[in-house]
Number of protein chains: 2
Amino acid sequence: MVIKARSGEREDALSRKKIVDAAVAMLDGGSELTFRALAAQLRTGPGAIYWHVANKSELLAAAADAVIEDTESPAGEPERALRTLALEVFDAIDAHPWAGAQLARLPSQPTVLRIFERIGRQVQALGVPETDQFTSASAILNYVLGVAGQHAAQRQSIEPGTRRSEVLEAASTNLDPRVYSFTRDVAGQLREHDDRVQFLAGVDLILEGIAAKKAKSVS
Amino acid sequence: MVIKARSGEREDALSRKKIVDAAVAMLDGGSELTFRALAAQLRTGPGAIYWHVANKSELLAAAADAVIEDTESPAGEPERALRTLALEVFDAIDAHPWAGAQLARLPSQPTVLRIFERIGRQVQALGVPETDQFTSASAILNYVLGVAGQHAAQRQSIEPGTRRSEVLEAASTNLDPRVYSFTRDVAGQLREHDDRVQFLAGVDLILEGIAAKKAKSVS
DNA sequence: ACCTGAACACCGTTCAAGT
DNA sequence: ACCTGAACACCGTTCAAGT
């Protein structure tokens, strides 16, 4: 008598996880996510996917969720923890640009709430007065997601290999110097800058603002 | 002999401007932008639009450009000017949520460069040391675009009339209090908050950070 | 319960043909 | 030079029919 494998163990059985994983692989591979292509890779018809996933929007959200993992927030100094947190998000989006676009678009996603929560706890640990906690955490989150969106768009629109600074510099060279004097001025500085370092400097700026406001409210 | 009107004066003549205007009207009306629907409204075939516009992406960019106007940056105190600038962008996106999504997605758009330039000039006027100018202007821009994207997504996904705070509060009530302690804590504060005020408070936070950093580098 | 795949109602874009 | 609209190559989603 043959013992039937439980469906969870059958290698060819479809599952939500298997679908999401395949979607992530497809998006990471640079292809557009399509139910037909996804179905073909999973060796089914497109209709089969709908048994496990409500629609494309939900699948995209689940894929982004899968890729921005809860890495344990490091203990210790809250300012250091916030920087680490921000860099983790930056690196995850750098590795999966499509997820960045997704986060910037669907702010009520569980992923975003999770990031917000982790930021907020460190803001509390920082000793920010209660009235300013929401504003402070929001500012950091918005900055992170803003950069995420930008970075994602840049990564997706530029041939891989070229650096963002090169593009910005090239673009700024063609600008009317009278109208875009500032942009042209700083474009030169871009050459030695690194997106990641730049991103972190912005986080530090916001942290400095939080510290300054805290100092004021205490006195 | 009949004098032929120049094509620019013919009422029914198609033009890039007329197409972009119709696209803006459609998007503001809450409909999805479609070449077929757009053509129908302009009483042509979809192919006609391609004579004036390269593709949908360009049309979307042009529509966003048309809606985020260069209102003259106010002279005077640079900190005040930056706040006004930020609020102008916020209000424009509040009025045209689809444009917010567009800006967050296509950072190399002329519109974004223009905003960046205007921010940068005020940062210079603020007396920020040269090395920090790019970082400071980027932080503000990223914050503004980040909020823009969030706000746009929220406005598009929520039934008009309901306030964002209500949604966030309702969502947070269903969260596991152990996992989302911070979010639940601040969700209560949301009731009396206003997105616009909240947005401005974040801008002030960054401005405070810039001021603090400047003070440090001087001493 | 889960899968299949044809069918429906759309898309953006192209292009021969017209004026 | 500019417009027309049929046609091409796709989409997401549904659903009767199968197992």
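Protein chains get the first letters and strands the later ones, always in sequence-line order, with residue 1 at the start of each. Any value given below was found using the heavy atoms of this structure, including those in side chains, with hydrogens, waters and symmetry copies removed.
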Quiz item: With both distances under 3.5 angstrom, what nucleotide forms a Watson-Crick or G-U wobble pair with D/dC3?
Solution: none
Self-check item: Length of the line joining A/Glu32:CD and D/dA9:C1', which is rounded to integer Å
Solution: 14 Å
Quiz prompt | Rounded distance in Å between the C1' positions of C/dC11 and D/dA7 | solution = 14 Å
Self-check item: Whole angstrom value for the distance that separates C1' of C/dG12 from CG of B/Leu38
Solution: 13 Å
Exercise. Tell me which nucleotide among D/dG12, C/dG12, D/dC3 gets nearest to the side chain of B/Ala48.
Key: D/dC3
Quiz prompt | Distance in angstrom units between A/Asn55 CG and D/dC15 P, rounded | solution = 15 Å
Quiz prompt | Gap between atoms CZ and C1', on B/Phe35 and D/dC8 respectively (whole Å) | solution = 16 Å
Quiz prompt | Candidate nucleotides D/dT13, C/dG12, D/dC3, ranked by approach to the side chain of B/Lys56 - the nearest | solution = C/dG12
Practice problem: Report the distance from atom CG of A/Leu14 to atom C1' of D/dT19, rounded to the nearest whole Å. | Solution: 15 Å
Practice problem: Using the side-chain contact (heavy atoms from CB on, under 4.5 Å) rule, take B/Leu103 and B/Ile115 through it: C-alpha gap first, then chi angles, then the decisive distance, then the call. | Solution: CA-CA 11 Å; B/Leu103 294 194; B/Ile115 297 172; 4.3 Å; yes
Exercise. Check whether any side-chain N or O of A/Trp51 sits under 4.0 Å from OP1 or OP2 of C/dC3, and answer yes or no.
Key: no
Quiz prompt | Watson-Crick or G-U counterpart of C/dG12, or none if no pair lies under 3.5 Å | solution = D/dC8
Quiz prompt | Length of the CD-P vector between B/Glu58 and C/dT13, whole Å | solution = 11 Å
Exercise. Map B/Arg43 and A/Pro46 onto DNA chain D by nearest heavy atom, then report which one ends up closer to the 5' terminus.
Key: B/Arg43
Quiz prompt | B/Gln198 and A/Ser138 side chains, donor-acceptor separation under 3.5 Å | solution = no
Quiz prompt | Base-pairing assignment for C/dA17 (Watson-Crick or G-U wobble, both under 3.5 Å) | solution = none
Exercise. Spell out yes or no: do the side chain of A/Arg36 and the base of D/dC10 have one donor N/O and one acceptor N/O closer than 3.5 Å?
Key: no
Quiz item: How is B/Leu33 classified with respect to the nucleic acid when contacts are heavy atoms under 4.0 Å: base, sugar-phosphate, or nothing?
Solution: sugar-phosphate
Practice problem: Could you check if a side-chain atom of B/Asn142 sits within less than 4.5 angstrom of a side-chain atom of A/Phe199, using non-hydrogen atoms only? | Solution: no
Practice problem: Rounded to the nearest angstrom, tell me the gap between atom CD1 in A/Ile49 and atom C1' in D/dT14. | Solution: 14 Å
Exercise. Give the ring-plane orientation class for A/Tyr50 versus A/Phe35, where under 30° counts as parallel, over 60° as perpendicular and anything between as tilted.
Key: parallel
Quiz item: Are the aromatic rings of B/Phe182 and A/Phe116 close, with centres under 6.0 Å apart?
Solution: yes
Quiz item: For B/Tyr50 and D/dA7, what is the distance between atoms OH and P respectively, to the nearest whole Å?
Solution: 18 Å
